[in-house]
2 protein chains.
Amino acid sequence: MKPAFHSKSDKEVALLEELKSDHVRVSAGADVILPEQSNAELYTVFSGWLFRYKELNDGRRQILNFALPGDLIGLQAALFEKSYYGVAALTDAELCVIPRRKLWRLYERMPEVAYDVTWLGAQAQSIVDENLLTVGRRNAAERIVALVASLYKRMDLLGGVRDGVMDFPLTQQHLADALGLSLVHTNKTLARLRTSGLFTVADGRLTVANPRGVGRFARYFEAPIAPRPIV
Amino acid sequence: MKPAFHSKSDKEVALLEELKSDHVRVSAGADVILPEQSNAELYTVFSGWLFRYKELNDGRRQILNFALPGDLIGLQAALFEKSYYGVAALTDAELCVIPRRKLWRLYERMPEVAYDVTWLGAQAQSIVDENLLTVGRRNAAERIVALVASLYKRMDLLGGVRDGVMDFPLTQQHLADALGLSLVHTNKTLARLRTSGLFTVADGRLTVANPRGVGRFARYFEAPIAPRPIV
DNA sequence: CGGTATATTGAGCAACCTCAATAAAGGTGG
DNA sequence: CCACCTTTATTGAGGTTGCTCAATATACCG
């Protein structure tokens, strides 16, 4: 887990601990931020998976991105009057809370951490950028591979991959909602991909047979991810 | 133009002016940041339209969002080693440059401006979020209306709308690239929308016949945009 | 042991795509 | 001022990806 993170001075850690007044546990399926919610707090993911989403009046839902340990959640929601998206827990998860009213103090007194907050925000942004490219321009098979490859790479950096196997808590419905596809077509495309032998998704686990092969297909393993700050 | 912006103290303005070492003019079609470019600077749009995009090896292109005066451009590119997207000018444009190496100083010495940078980054993020919802879950007609409505609303706040008419420098190719559609289908859908009488796009101008009607169609005019900081 | 969430498969349909040709508009050099 | 070239817009024809509807497994849960 360590190589992916920067280190911080003792003083910063102490101040951070003071700001993070709360730890919260949420269980799988729980809402963390509701769409349209006011005064949402800022969170840091300590463990577990969550996802950010938007929906239309008629129920169509688009998952914007998935959050893994170390990710920031709710930056926009904390900065604006109300949230323009929802956040739900995919698995049981632990979150650190940074109260929104203390955010300004953080900028005043801990510029380095403030910088890291911006950095993490930009990092999340670039994931959404990539998802928009995926949904806008890739076909169904490419979309699935791109998402799987992205999650695999991120999880690998967190030390969550062993022998090409990792936990994969998404249902096919989540995949469909993240990729702008219907559930049925997601299922059929997944079945077709299964025969390709690149990877398998079953029983909440993802098994990648040949990481380099997946990478070539999705042109996705190429760009390494930079070390990131912890907040 | 004023009501959309916060005001700043003289001291802050002075410091900002010092940081913005350069003004740059670019002409329509010029690249501001190339995909994969290293050491890109951070920019503030002073006048004109620009857009951020990503592309795949085979030439498929996805426009991520459009930048209007007051928007920040290149935050991720300035924060990371290299850029994961390109930026091009849609019209002639003027940009203020904030050199990337001075960004940290800004966080150290001007926490309020640092906060605003984060705010503007989050604002841009929420636009990309909305675009992802649009591309992932709306049909062709809805996509066009959603984008047009969004640009209309933003331009209106900047004072760029008079009697329901505004400059609209996008070609149909830009619309298609932003919406995840083919050029041909964009054209045909646009033609069908024309008969609906909600709005017209012609000669680089957008004319909205009935702003409230467009809003109802796209469920998009409802949420007002908050006042924003200037950087 | 029913009940709910998830996964799978078939059938038919339509939204959107690609290919291709033509019009219309603007810019440039002679 | 005209001929030419490039960019942008338009329209038709036909194909395919991905959608909806619907039925059936499969697994987990209390």
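For clarity, every value in this text was computed on a predicted model and none was experimentally measured. Heavy-atom basis, side chains included; hydrogens, waters and symmetry copies ignored.
- The closest side-chain donor-acceptor pair between A:S47 and A:E94 falls under 3.5 angstrom.
- Residue A:H185 places its side chain closer to D:dG18 than to any other of D:dG18, C:dA7, D:dC21.
- Among the heavy atoms of the strands lying under 4.0 Å from B:G180 are primed sugar atoms or P, OP1, OP2 only; no base atom is included.
- Between the P atom of D:dC19 and the CZ atom of A:R60 lies a distance of 12 Å, rounded to the nearest Å.
- Checking C:dT18, C:dT9, C:dA7 against every side-chain atom of A:T171, the shortest atom distance belongs to C:dA7.
- Look at CG on A:L190: it is 15 Å from C1' on D:dG18, rounded to the nearest Å.
- Across the protein-nucleic acid pair, B:R137 atom CZ and C:dC16 atom C1' stand 16 Å apart, rounded to whole Å.
- When distances run from any side-chain atom of A:V184 to the nucleotides D:dA9, D:dC21, C:dA11, the shortest one goes to D:dC21.
- At a cut-off of 3.5 Å, with distance as the only test, a side-chain donor of A:H174 or A:T171 sits close to an acceptor on the other residue.
- Closest to the A:N187 side chain, of the nucleotides D:dA13, D:dT10, C:dA7, is C:dA7.
- Residue B:A140 is classed as a sugar-phosphate contact, given heavy-atom separations below 4.0 Å to backbone atoms only.
- Straight-line distance from the NZ atom of A:K188 to the P atom of C:dT8: 12 Å, rounded to whole Å.
- Nearest-nucleotide positions on DNA chain C place B:L181 closer to the 5' end than the other of B:L181 and B:D203.
- Note: CG (A:N139) to P (D:dC19) measures 12 Å, nearest angstrom.
- With salt bridges taken as basic N to acidic carboxylate O contacts below 4.0 Å, none links A:D177 and A:R60.
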*Would you please test B:E41 and B:R100 for salt bridge (charged side-chain N to carboxylate O under 4.0 Å, His left out) and show each step?*
CA-CA 5 Å; B:E41 310 290 4; B:R100 51 149 49 204; 5.2 Å; no
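- Look at CZ on A:R138: it is 21 Å from P on C:dC16, rounded to the nearest Å.
- Spacing between atom CD of A:Q173 and atom P of C:dA5 amounts to 12 Å, rounded to whole angstrom units.
- Using a 4.0 Å cut-off between charged nitrogen and carboxylate oxygen, A:D167 and A:R205 count as a salt-bridge pair.
- For B:Q172 and D:dT10, the shortest distance from a side-chain N or O to OP1 or OP2 is below 4.0 Å.
- Checked against D:dT10, C:dA7, D:dT11, the side chain of B:R194 finds its nearest nucleotide in D:dT10.
- At whole-Å resolution of the value, CZ in B:R192 and C1' in D:dT10 are 14 Å apart.
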